[in-house]
Enquirer: 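Sharing a structure below in structure tokens format, with a few things to ask.
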Amino acid sequence: MGLIQAIRGMNDILPNEIAWWQRVEQTARMVMEDFGYYEIRTPVLEKLELFARSIGESTDIVEKEMYAFADRKGDLVSLRPEATASIVRALIQHNLHADPLVRKFYAIGPMFRHERPQKGRYRQFHQIDVEAFGVDDPMLDAEVIYMLRLFLERLGLVGVVLHLNSLGCPSCRSSYRILLQSYLADHAETLCPDCERRRHTNPLRVFDCKVERCQSVLGDAPILGDSICEECASHFARVKSYLSQLQTPFLVNPRMVRGLDYYMRTTFEVITDQLGAQNAIGGGGRYNGLVKDLGGPDIPGIGFAIGMERLILLLQQNQQVGTPSPRIFVAALGEASRTRGFLLLQELRKEGLAADMEYEGRSLKSQMRRADKLAAQHVVIIGENELSRGEAQIRDMINKTQNVLSLDRIVPTLLEMCGKDRKSSNG
RNA sequence: GUGGGUGUAGCUCAACGGUUAGAGCACUGGGUUGUGGCCCCAGAGGCUGUGGGUUCGAGUCCCAUCACUCACCCCA
């Protein structure tokens, strides 16, 4: 089609799937707020520097995936590729850390990364994002992970595994890095070209490689967990202990490395095997140095993000959502009846009843068909005969029964019949 | 950014290089003076993604381009 289309990798979310989004968002809000999180909304556009400094100059996200450009004034800006940086910026800018009550935030909204689209990967995608500041205790690490699990459980998600790791702190990681680099140097000729490059730029990332040769090399590689400092080790041990006491299953994955530089100590990912190549539906970790690096006070932080598209794809594979609500349909025959029906329709809506009609004066049969398609529970039929007597018929579409009522009793009667659940929507 | 696959009706898909491009579902009307689902009949709906080329002739073959899709890469 030569017509204007949506930009590549950016999708319309159409009415027939919006119920999924609403359910996920509502569930998220309920769970997060029970845990003491407050919603925050930050701009989708930020100064480029914010992302470069927080995520890391040499990460893939910053190097090649950002929607970055110069605005009309010449300032370098970018659509946000993730939410943490913006929330930290807002925290610092508004001194939110000074308020002991408001240090836990959640945000829901679109993110942008210029990658080649694929199943579960889009250029505009949506995240539910959670950040908690000011607490270094592993109790919070465990609680954050527990909340993530509870959220997914409440949605009825099955078949996902929580991977857990500790990346250590900057000091123990740098000593490990040297260890790993020398090991990789010894096996340099076996590595794939990508890993040969990564060996210098970001050796930890070699663990993510899916090439078999590389994985076999890594079998004997030094493990980060063996060389983290005592403090980090004990932090990690306590996280695991709390999780066990919370009966939250996890899989320690010493090879899990995450793609953003600011993570340290606890990191985690929720993995599925049902989405093809894009197997992470959520992930996060601790980032104690980040607030300070961005010019704020030296306070710790931890958070995670959930990919809504991926989550919903998974839910759709295993569940169904109903279409909303009780509906009343007004069927009218003849010009005067149509006018009366139109006025009645608006009265019903004013009373909070979901109702609709056929506006184009089709045959009664056609109108009944439409009512059936809409799954209307009741149809109000106003023909010329009824109108002349000041009456209408109410047909119960489920029981196939029908009776005559005077027009002025229609609204109260329908209110009584569907009043109880008129605001329910079975999601 | 690199590779593979696919673009035909609103949707799912047919059509050996050869008349006027078909089917199912969905839609509209009728079968029933004014009553839904099932059934039957009829109708409407297409610049075959776009632009070039080969050919007497292209939905079909070639090139380009755009989009979708899967994978690499990376991540949510």
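These numbers were taken from a predicted model, which means no experiment stands behind them. Hydrogens, waters and symmetry mates are skipped; everything else that's a heavy atom, side chains included, is used. All chains are named by letter (A, B, ...) in the order of the sequence lines, taking the proteins before the strands, and each is independently numbered beginning at 1.
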Enquirer: If you define the side chain from C-beta out and look only at heavy atoms, does anything of A/Val24 sit under 4.5 Å from A/Phe151?
Expert: yes

Enquirer: Tell me which nucleotide, if any, is Watson-Crick or G-U wobble paired with B/U28 when both distances must be under 3.5 Å.
Expert: B/A42

Enquirer: Does the protein touch nucleotides 37-44 of chain B at the base, only the backbone, or not at all? Give it as B, S and - per nucleotide, heavy atoms under 4.0 Å.
Expert: B-------

Enquirer: Checking contacts here: which listed nucleotide (B/A76, B/A71, B/G29) is nearest the side-chain heavy atoms of A/Ala305?
Expert: B/A76

Enquirer: Hey, could you give me each pair passing salt bridge (charged side-chain N to carboxylate O under 4.0 Å, His left out) that has a residue in residues 33-45 of chain A? Not counting sequence neighbours.
Expert: A/Arg29-A/Glu39, A/Glu39-A/Arg41

Enquirer: Across all strands shown, which nucleotide pairs with B/C72 by Watson-Crick or G-U wobble geometry, both distances under 3.5 Å?
Expert: B/G1

Enquirer: So A/Glu269, base contact, sugar-phosphate only, or nothing? Heavy-atom distance under 4.0 Å.
Expert: nothing

Enquirer: Toward the 5' end of RNA chain B, which comes first, A/Arg310 or A/Glu384, by nearest nucleotide?
Expert: A/Glu384

Enquirer: Can you find an N or O donor on one side and an acceptor on the other, under 3.5 Å apart, linking the side chain of A/Gln118 with the base of B/U69?
Expert: no

Enquirer: Record whether the side chain of A/Glu386 comes under 3.5 Å of the base of B/G34 through a donor-acceptor pair of N or O atoms.
Expert: yes

Enquirer: Between A/Arg370 and B/U28, is there a side-chain N or O to OP1/OP2 distance below 4.0 Å?
Expert: yes

Enquirer: Hey, can you pull the residues of residues 331-343 of chain A with a non-hydrogen atom under 4.0 angstrom from RNA chain B?
Expert: A/Leu333

Enquirer: Take atom CD of A/Glu49 as the centre, draw a 6.0 Å sphere, and report whether it contains more than 12 heavy atoms from other residues, nucleotides or ligands.
Expert: no

Enquirer: With respect to the side chain of A/Arg362, which nucleotide from B/A76, B/U28, B/A71 is positioned closest?
Expert: B/U28

